[in-house]
Amino acid sequence: MPGIIPHRHCIVCGKAVEPDVVYCSDECQETMDKERKRQRNFMIFMFVLLLGFMVLLWLGAPKG
Ligand SMILES: [Zn+2]
C-alpha cells in the first residue's frame, strides 16, 4: 500500500503528526501538562481525603 506515510495522531487534538512526536504543537503539550497537573492534584486531594477518613475512623474506634 504505497502512499501511506507512517504517522501518529496528536494525543490532545487528534491531528496527524510526525511518528516521533506526541503533540502537534506547544499549545497541545501545554494542554496535556495542565491536564496531568489537574489529575495529580485530584489524586492528592483523594489521598488526603482518604487519610482524613481513616484518622476519623481511628479516632472514633472504641479504645482498649
Ligand atoms: Zn494537537
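Every number for a ligand or one of its atoms is a count from 1 in the order of the listing.
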Path from I44 to L51 over hydrophobic side-chain contacts below 4.5 Å: no
Residues, nucleotides or ligands: over 12 heavy atoms within 6.0 Å of I5 CD1: no
Show me the side-chain donor-acceptor pairs of residues 12-24 shorter than 3.5 Å, one per line, residues at least two apart or across chains.
none

So the protein N/O/S atoms within less than 2.8 Å of the Zn ion (ligand 1) come down to C10 SG, C13 SG, C24 SG, C28 SG
Please name all residues satisfying side chain to side chain contact (heavy atoms under 4.5 Å, CB included) with E35, sequence neighbours left out, ordered by chain then number. M32, R38, Q39
What pairs with E30 under side chain to side chain contact (heavy atoms under 4.5 Å, CB included), at least two apart in sequence or on another chain? K34
Beyond-backbone contact of N41 with F45, side-chain heavy atoms, under 4.5 angstrom: no
